[in-house]
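These numbers come from a predicted model, not from an experiment.
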Amino acid sequence: YFLYYIIFYAMRWRKVCAMNLSKAGYVPTRAPKQLGDFGEFFVNFILNQKEYEIAHVDHVGADLIAEKSGAIYAISVKTRKFKKDSKESRMYTIEQGHLDNLKYFAEKFKMVAVLVIVIAIEDEKKLEAFIVKVKDIEKQKDLFSKVKNGYSFNFGVKNRKGIDVRNSVYIDYTLFK
């Protein structure tokens with residue numbers, strides 16, 4: 001009976017929490033997870049087109065492992081969607097803790113740490129992928145501005161410093177329209 005009561009009250013508590021969240025305007029959804037999964041498969045497609053061998057991993061810090069010409073990469077994918085009529089600035093914040101986890105994973109298995117930022121812009125009907133080595137994030141202050149908890153990446157047509165990030169030698173850029 002004890003186990004029955006625990007399960008019963010856990011289910012009731014979940015229902016009460018869900019009701020309170022929905023009253024506050026929050027509807028429980030799997031959309032963020034699904035968007036992240038989509039980003040990983042999109043990056044898999046891009047790397048496959050560039051003739052990399054790819055493996056999906058479920059580990060703190062890395063989503064994919066890729067190999068080409070003997071070089072092995074630990075890849076973390078971050079996906080962001082801009083909804084229709086969004087007025088948000090074209091910017092993404094890369095958290096330092098996330099970079100630290102990726103670097104730790106890469107060092108542990110003797111890989112190169114790579115971050116991929118996938119951007120979906122509904123108004124423009126386009127998908128963009130920015131592939132960059134973590135060491136370049138930390139060194140390229142014109143592309144990645146240091147902020148309180150990490151780095152800011154401005155991917156507008158020209159970033160705040162007037163640089164077109166899509167043509168940077170430090171970023172492998174892919175566009176699908």
Side-chain angles (χ1 to χ4, degrees), residues 29-83 86 88-145 149-159 163-177:
T29 178
R30 290 186 44 83
K33 164 96 171 86
Q34 292 166 336
L35 184 63
D37 290 347
F38 170 80
E40 289 175 26
F41 285 106
F42 179 61
V43 171
N44 188 332
F45 174 77
I46 292 168
L47 295 176
N48 191 282
Q49 295 297 323
K50 296 175 187 251
E51 300 181 358
Y52 283 80
E53 286 292 322
I54 304 127
H56 284 260
V57 295
D58 184 13
H59 200 283
V60 173
D63 301 308
L64 306 170
I65 295 174
E67 184 275 337
K68 184 175 182 179
S69 304
I72 303 173
Y73 304 92
I75 301 171
S76 178
V77 179
K78 292 296 176 191
T79 307
R80 181 158 181 208
K81 177 183 174 191
F82 288 85
K83 295 179 181 177
S86 172
E88 294 178 77
S89 65
R90 299 299 194 237
M91 176 280 229
Y92 184 84
T93 301
I94 305 161
E95 294 179 20
Q96 185 63 53
H98 179 75
L99 292 177
D100 292 342
N101 288 339
L102 175 56
K103 288 191 302 188
Y104 176 79
F105 178 87
E107 289 168 7
K108 186 118 177 128
F109 297 101
K110 297 176 178 45
M111 299 179 197
V112 177
V114 173
L115 178 70
V116 182
I117 302 169
V118 174
I119 304 296
I121 303 177
E122 211 173 293
D123 285 339
E124 299 173 32
K125 294 182 174 42
K126 70 180 182 180
L127 282 171
E128 297 178 288
F130 300 89
I131 303 171
V132 61
K133 293 178 182 170
V134 171
K135 69 177 183 161
D136 291 334
I137 292 172
E138 296 167 338
K139 291 180 184 173
Q140 297 305 316
K141 296 181 183 357
D142 287 343
L143 298 173
F144 302 93
S145 305
N149 297 324
Y151 295 87
S152 174
F153 175 58
N154 185 319
F155 55 88
V157 175
K158 291 197 182 219
N159 72 8
I163 297 169
D164 182 358
V165 296
R166 288 156 186 81
N167 291 318
S168 169
V169 296
Y170 299 101
I171 295 174
D172 183 343
Y173 174 73
T174 302
L175 168 67
F176 281 87
K177 240 178 162 180

Minimum heavy-atom separation for [X] to [Y], with atom names?
X      : Y      : result
Ala74  : Ala62  : CB-CB, 4.4 Å
Gly39  : Val118 : O-CG2, 4.2 Å
Ile46  : Ala129 : CD1-CB, 3.5 Å
Val165 : Asn154 : CG1-O, 3.8 Å
Val114 : Leu102 : O-CD2, 3.4 Å
Phe38  : Leu127 : CZ-CD1, 3.7 Å

Would you list the pairs meeting salt bridge (charged side-chain N to carboxylate O under 4.0 Å, His left out) in which at least one residue belongs to [range], sequence neighbours left out?
range          : answer
residues 61-77 : none
residues 69-78 : none
residues 45-62 : Lys50-Asp172

Quick check: do [X] and [Y] have side-chain heavy atoms less than 4.5 Å from each other?
X      : Y      : answer
Ile171 : Phe153 : yes
Ile94  : Phe144 : yes
Phe109 : Ile72  : no

With rounding to the nearest 0.5 Å, note down the distance linking [atom1] in [X] to [atom2] in [Y].
X     : Y      : atom1 : atom2 : value
Ile54 : Phe41  : CD1   : CZ    : 11.0 Å
Ile65 : Ile75  : CD1   : CD1   : 9.0 Å
Glu40 : Thr79  : CD    : OG1   : 7.5 Å
Met91 : Ile117 : CE    : CD1   : 10.5 Å

Handout entry: Candidate pair Asn149 and Gln96, rule side-chain contact (heavy atoms from CB on, under 4.5 Å), full reasoning
Key = CA-CA 6 Å; Asn149 297 324; Gln96 185 63 53; 5.8 Å; no
task = Starting from the C-alpha separation in whole Å, work towards a yes-or-no answer on side-chain contact (heavy atoms from CB on, under 4.5 Å) for His98 and Leu115.
result = CA-CA 10 Å; His98 179 75; Leu115 178 70; 3.9 Å; yes
Name the atoms and distances for all side-chain donor-acceptor pairs under 3.5 Å in residues 133-140, with sequence neighbours left out.
| residue | atom | partner | partner atom | Å |
| --- | --- | --- | --- | --- |
| Glu138 | OE2 | Lys103 | NZ | 2.7 |
| Gln140 | NE2 | Tyr170 | OH | 3.4 |

ask   = Could you go step by step and tell me if Phe82 and Glu124 meet the side-chain contact (heavy atoms from CB on, under 4.5 Å) rule?
value = CA-CA 10 Å; Phe82 288 85; Glu124 299 173 32; over 6 Å; no
For [X], all residues meeting side-chain hydrogen bond (donor to acceptor under 3.5 Å, both in side chains), sequence neighbours excluded:
X      : result
Asn44  : His56
Asp123 : none
Glu128 : Arg166, Tyr173
Lys110 : none

For His59, the side-chain contact (heavy atoms from CB on, under 4.5 Å) test, sequence neighbours excluded, returns Phe105
Lys33 meets the side-chain contact (heavy atoms from CB on, under 4.5 Å) criterion, sequence neighbours left out, with Arg30, Asp37
_Could you go through Val116 and Phe42, starting from their C-alpha distance and side-chain angles, then the distance that decides it, and tell me whether this counts as side-chain contact (heavy atoms from CB on, under 4.5 Å)?_
CA-CA 10 Å; Val116 182; Phe42 179 61; over 6 Å; no
Report the residues that fulfil salt bridge (Lys or Arg N to Asp or Glu O under 4.0 Å) with Lys83, sequence neighbours left out, ordered by chain and then residue number.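 Residues passing salt bridge (Lys or Arg N to Asp or Glu O under 4.0 Å) with Lys83: none at all.
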By salt bridge (Lys or Arg N to Asp or Glu O under 4.0 Å), Glu95 pairs with (sequence neighbours left out) none
> Does the ring centre of Tyr92 sit less than 6.0 Å away from the ring centre of Phe130?
Replying inline: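 No; Tyr92 has its ring centre 6.0 Å or more from that of Phe130.
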### Query
Take atom CZ in Phe176; do more than 12 heavy atoms of anything else shown fall under 6.0 Å from it?
yes
